[in-house]
Amino acid sequence: MEENKKFRTIEDKWIKWWEEHSDLYKAWNNDEDRPAYANAPDGQVKKYVLVEFPYPSGSGLHVGHAFSFTGGDVYARFKRMQGYNVMFPMGFDEFGLPTENYAIKVKRKPQEVTRENTDIFKQQMKKLAFSFDWSREVHTSDPDYYKWTQWIFVQLFKKGLAYKQEMPINWCPSCKIGLANEEVLNGKCERCGAEVSRRNISQWVVKITDYADRLTDGLKNTDFIEKVKTAQINWIGRKDGINIDFEVVGTNQKLTVFTTTPVNFGATFLVVAPEHLFVQQIVEGKFGVNQEQIDEIKKYISEARKKGDMERTELNKIKTGVFSGLYAKNHVTGKEIPIWVTDFVLATVGTGAVQGCPGHDQRDWDFAKKFGIPIVRVVGSIDGNDKDINEEPFIVHLGDKGKMVNSDFLNEMDFTEAMRKTMDYFEEKGWGKRVVSYHLRDWIFSRQHYWGEPIPMIYCAKCAKDQKFKIQNSKFKNKEELESKLKNMGWIPVPEDQLPVVLPEVEAYEPTDDGLSPLSRIDSFVNCTCPVCGGSAKRETDTMPNWAGSDWYFLRYMDPHSATKLVDFDLLKKWGPVDIYIGGDEHNTLHLLYSRFIYLFLYDLGVFPKELPEPYYKRVSHGVILGPDNQRMSKSKGNVIVPETVADMYGVDVVRMYLMFMGPFEGTMAWNEKTLMGVKRFLDRFEKLFKEYFGGISQDAELFASDRNTLMIIINKKIELITKDLEEFGYNTAIAKLMELLNDLEKRKIELIRDDMEVLVKMLAPFAPYTAEELWYWLHYDVNKKSDIVIESVHQQSWPVADPAYLADEKVTVAVAINGKLRDQLVVDRDRSNDEKEMVEMAKGSEKIKTWLAGKQVVKEIFVPGRMVNIVVA
RNA sequence: GCCGAAAUGGCGGAAUUGGUAGACGCGCACGACUCAAAAUCGUGUGGCAGCAAUGUCAUGGGGGUUCGAUUCCCUCUUUCGGCACCA
């Protein structure tokens, strides 16, 4: 133990001193009080710095947390010193599977392990000197918090954005839980890796698709980096296309297909997903397809159903299918084209049916080849130099260049233009209708698990009957409205004054493989009275997904204790939007999208100020820290670095500073103990300079008045650069410059005066708060007054501002190049370096340059003021 | 396959409205201190040639624009991340 402590000197001493003497320390580490310097006085410009809150796992704070939190902390401290009114809050994302699974593993209640883990996290965070404002702490599993998570759901229901639907869901047989599409990776469960199967369960679904366009357009109001915006846009995946109705020959039936590229002169077949209603009807014998054919279709359907998602995607190159026995009429060619059933068409995309244009789509081409369906070219390349369409398809996407052929009135037309024309034509003829389709699906909001927010809904059978009667006697604008009313029949939201619906504490909460939520076994929870008719009713027993609580936590930080509002309007105006949101790449798509959706929805309700259309202004994604072996850290690989352990060994400041120094904040970097030692050396040298300063090196500024100017230039330039780096999260370069400054000042240590030392400490403070505080104390401690004085913290000081008078050098180096290659350098006064004539002349006069010019013809002279002269010779 | 990011010394990485490539740190070598080691301090450190001055090559490969390209354009290769039979 002692051995491990050998590197710690300053911190132990300082923490001890601080504990004993400083009110500030007590304030900083006491939950009851707001940190003494957490917020600047009102009236200052606000800065809301947010880091993604962790779910409190059993293994404590890991390096990834330490990394992103330090990044946020450095920024928050920097901004505070600059005089901003900074809000830098922290909370815990407690509901969800990881915690539940952990609790099951250790055979204890999730409530208990959550509380314990949270305490550990908090203690570790304090140790690492993260200056969170603990007065704003939130916990998603706290009823006072999830009351509002439930309230949001009730609003969604009231606005018709939540509906109950029986739908096939991804079912993980190992976790015994329904998964959202987003939680399925390559057909496997995101958490446990087991193969996902399908199940039909009645679930709450949230209509996020209604907001698809708003979610896309709203990105304009943000300063997210391109990568994040693109990820969101791709996920939403807006596609403008057309639904075309095909007449099924010999029936009254129409089959509707969706396409973005109606190359209909080349459509030689139609394909339908096996799950399609049309296929169901064929099998039921509606269209008079002969029994033999029906049997084959049945066989195909059952085979397709047996395949897991995994298999269906893995074998994605091999096309399978079965002829339906029916034909459709191609509007433009008049030909009868066969309708096939195949599982490469997804029931959930578009209309679940597609027209096959084998000449210009790889899948259609593969399919046509395999089943001997004709392939027709309708688009050719501009130069007309095309291969046989039976040898390879000519794949085109909207926007591509191409020329229409074999297409009657479209011939010779540009491909993209022709597609637009075709849509017009089809609409005119009444054959189709333009529609928008999205990659984004509605959000399955039900989880059949215990550890989550209960969905605050009640089912009343009696009310359902009444509603049915009403619905049957009402008129609706459209079919959809009627359908959604029917779906939600009998479902009544828990009245707002009865929220929250508290999650009961129980002994047995393990999920079961009957697919029902564990809550359904608790009679006292399930049975209730109907808020409308007062009769006996039953509660919804599903809980919400783990996203639900984390979608809006940043709003609660602004008003964490309000019992009457989710967040106060004025406080929202004061703090919103989040200025900087630091988080992992893995949350750039889903968390950000869901969170923005909830915000936009509440915005539309009028809960939020008009001038705040988006919740997050800027997103910064932090990088990933790999183990020393360059692999992702994992217990099984044994390469896990525990920040707290390293901090015990080398000191908190060393860990913080090393994390920020190891590479760019957004990058992927491997842990390297050697580099960490370099940072430690830096902090030691920093301290040593102060010791020498106090240890009798001359402090008489008058003596060195002549050198003062040079020193000021050195210092002020660094202030300028370091400030700029911090502004842009360029922490690694900011620290590099701090190191440069120290190197420079070490050489000039006899010239240093107290002001210089103060500047130095202030710039160190955001990175190494303990060391900086100690050195600041050295600078201000008055021996005569002993230790009972309370010194203002370095963290309350104002950030140094560069004096422009010192930012420009008196002498500059002008590079001289011949044909762009550096050959000489001239050191001249700054003023003269801008004089083209003089500089060119001086360059030509240089001995070195003369030898390069000898016997050559000067063709051109290029002059960049203050920087370089380039002489072009032939 | 599609979308996105990237490729710079022995290593992590600097530098881009196009203007002295390799900051800072690690490692390494030599030296000082020491009986010795560690720690610390000093000096050097992209490759090649040279005692040196200096020259020359060099930012994944190839091509282009330019007086000048790590930076811009085209193309290829590789790596990482995300999505994927999305019509």
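- For the C1' atoms, the distance from B/C83 to B/C72 is 30 Å, rounded to whole Å.
- One side chain, A/Thr733 or A/Asp725, offers a donor N or O that lies under 3.5 Å from an acceptor on the other.
- Within the nucleic acid shown, A/Trp852 comes within 4.0 Å of sugar-phosphate atoms alone, with no base atom in reach, counting heavy atoms only.
- Here B/G42 sits opposite B/C30 as a Watson-Crick or G-U wobble pair (both hydrogen-bonding atom distances under 3.5 Å).
- Checking side-chain atoms of A/Asn639 against main-chain N and O of A/Pro628 turns up no donor-acceptor pair under 3.5 Å.
- Base orientation at B/G31 is anti, since its O4'-C1' glycosidic dihedral falls outside 90° of 0.
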- Output, in order, the C-alpha distance, side-chain angles, deciding distance and verdict of ring pair (Phe, Tyr, Trp, His ring centres under 6.0 Å) for A/Tyr658 and A/Trp671. CA-CA 10 Å; A/Tyr658 166 63; A/Trp671 186 267; 4.9 Å; yes

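- At B/C86, one or more side-chain N or O atoms of A/Arg363 fall inside 4.0 Å of OP1 or OP2 (strictly under the cut-off).
- To the nearest 0.5 angstrom, A/Lys856 atom NZ is 8.0 Å from A/Asn819 atom CG.
- Under the Watson-Crick or G-U wobble criterion, with both distances below 3.5 Å, B/A37 is left unpaired in every strand shown.
- The partner of B/C2, taking Watson-Crick or G-U wobble pairs whose two distances both stay under 3.5 Å, is B/G82.
- Put simply, CZ on A/Phe344 is 15 Å from C1' on B/G1, counting in whole angstrom units.
- In this structure, B/U77 and B/A7 make a Watson-Crick or G-U wobble pair, each of the two defining distances being under 3.5 angstrom.
- Distance NZ (A/Lys747) to C1' (B/U43): 12 Å, rounded to an integer number of Å.
- Atom name P, nucleotides B/A23 and B/C74: the rounded distance is 32 Å, in whole Å.
- In this entry the distance linking CG of A/Leu689 with P of B/C41 reads 12 Å, nearest Å.
- Cation-pi contact between A/Lys319 and A/Phe367: absent, since separation from the ring centre below 6.0 Å together with deviation from the ring axis within 45° is not met.
- Among the nucleotides B/C86, B/A87, B/C67, the one closest to any side-chain atom of A/Thr260 is B/A87.
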Contact string for nucleotides 3-20 of chain B, one letter per nucleotide 5' to 3', B = base within protein heavy-atom range under 4.0 Å, S = sugar-phosphate only, - = neither, reads SS-------SSS----BB

TODO: Let me see the working for A/Lys837 and A/Asp835 under side-chain contact (heavy atoms from CB on, under 4.5 Å), right down to the final yes or no.
DONE: CA-CA 6 Å; A/Lys837 247 188 184 167; A/Asp835 184 328; 3.7 Å; yes

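- When the C1' atom of B/C85 is taken as reference, atom CH2 of A/Trp365 falls 16 Å away, rounded to whole Å.
- Taking atom P on both nucleotides, B/C3 is separated from B/U8 by 24 Å, rounded to a whole Å.
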| Given A/Trp340 and A/Phe269, is the ring pair (Phe, Tyr, Trp, His ring centres under 6.0 Å) satisfied, shown in steps? | CA-CA 7 Å; A/Trp340 285 69; A/Phe269 60 98; 7.9 Å; no

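- Taking the C1' atoms as reference points, B/G9 lies 13 Å from B/C28, given to the whole Å.
- In this structure, B/A69 forms no base pair with any nucleotide, since neither Watson-Crick nor G-U wobble geometry is met with both distances under 3.5 Å.
- Relative to the side chain of A/Lys674, the nucleotides B/C26, B/A23, B/C85 differ in distance, and B/C26 lies closest.
- In this entry the distance linking CG of A/Asn630 with C1' of B/C80 reads 11 Å, nearest Å.
- Base-pair partner of B/A58: not found among the strands shown (Watson-Crick or G-U wobble, both distances under 3.5 Å).
- Heavy atoms of A/Lys229 sit nowhere under 4.0 angstrom from any nucleic acid atom.
- Remark: B/U16 base-pairs with no nucleotide; criterion is Watson-Crick or G-U wobble with both hydrogen-bond distances under 3.5 Å.
- Separation of the P atoms belonging to B/G63 and B/U70 is 14 Å when rounded to the nearest angstrom.
- Classification of the A/His587-A/Trp547 ring pair by plane angle, with boundaries at 30° and 60°, yields perpendicular.
- Residue contacts shown for A/Arg823 are limited to sugar-phosphate atoms, with no base heavy atom under 4.0 Å away.
- Rounded to whole Å, the separation between the C1' atoms of B/G61 and B/A15 comes to 23 Å.
- The aromatic rings of A/Phe665 and A/Phe67 sit tilted, their planes meeting at an angle between 30° and 60°.
- In this structure, A/Lys848 does not reach the B/A53 phosphate: none of its side-chain N or O atoms is under 4.0 Å from OP1 or OP2.
- Comparing B/A37 with B/A32, their P atoms are spaced 11 Å from each other, to the whole Å.
- Nucleotides B/G46 and B/G10 have their P atoms positioned 11 Å apart, rounded to a whole Å.
- Side-chain contact check for A/Asp366 and A/Gln362: at least one donor-acceptor pair (N or O, by modelled atom type) lies under 3.5 Å.
- Residue A/Arg681 has a polar side-chain atom (N or O) positioned under 4.0 Å from OP1 or OP2 of B/G27.
- The nearest whole Å value for the distance from the CZ atom in A/Arg685 to the C1' atom in B/A39 is 15 Å.
- In this structure, B/A21 makes no Watson-Crick or G-U wobble pair, since no nucleotide meets both defining distances under 3.5 angstrom.
- Residue A/Asn743 is classed as a sugar-phosphate contact, given heavy-atom separations below 4.0 Å to backbone atoms only.
- Atom-to-atom, CG of A/Asn588 to P of B/C83 comes out at 12 Å; the value is rounded to the nearest Å.
- Closest-nucleotide positions on RNA chain B for A/Val354 and A/Glu746 were compared, and the one nearer the 5' end corresponds to A/Glu746.
- Summarising the geometry, the separation between CZ on A/Arg441 and C1' on B/C83 is reported as 13 Å, rounded to the nearest angstrom.
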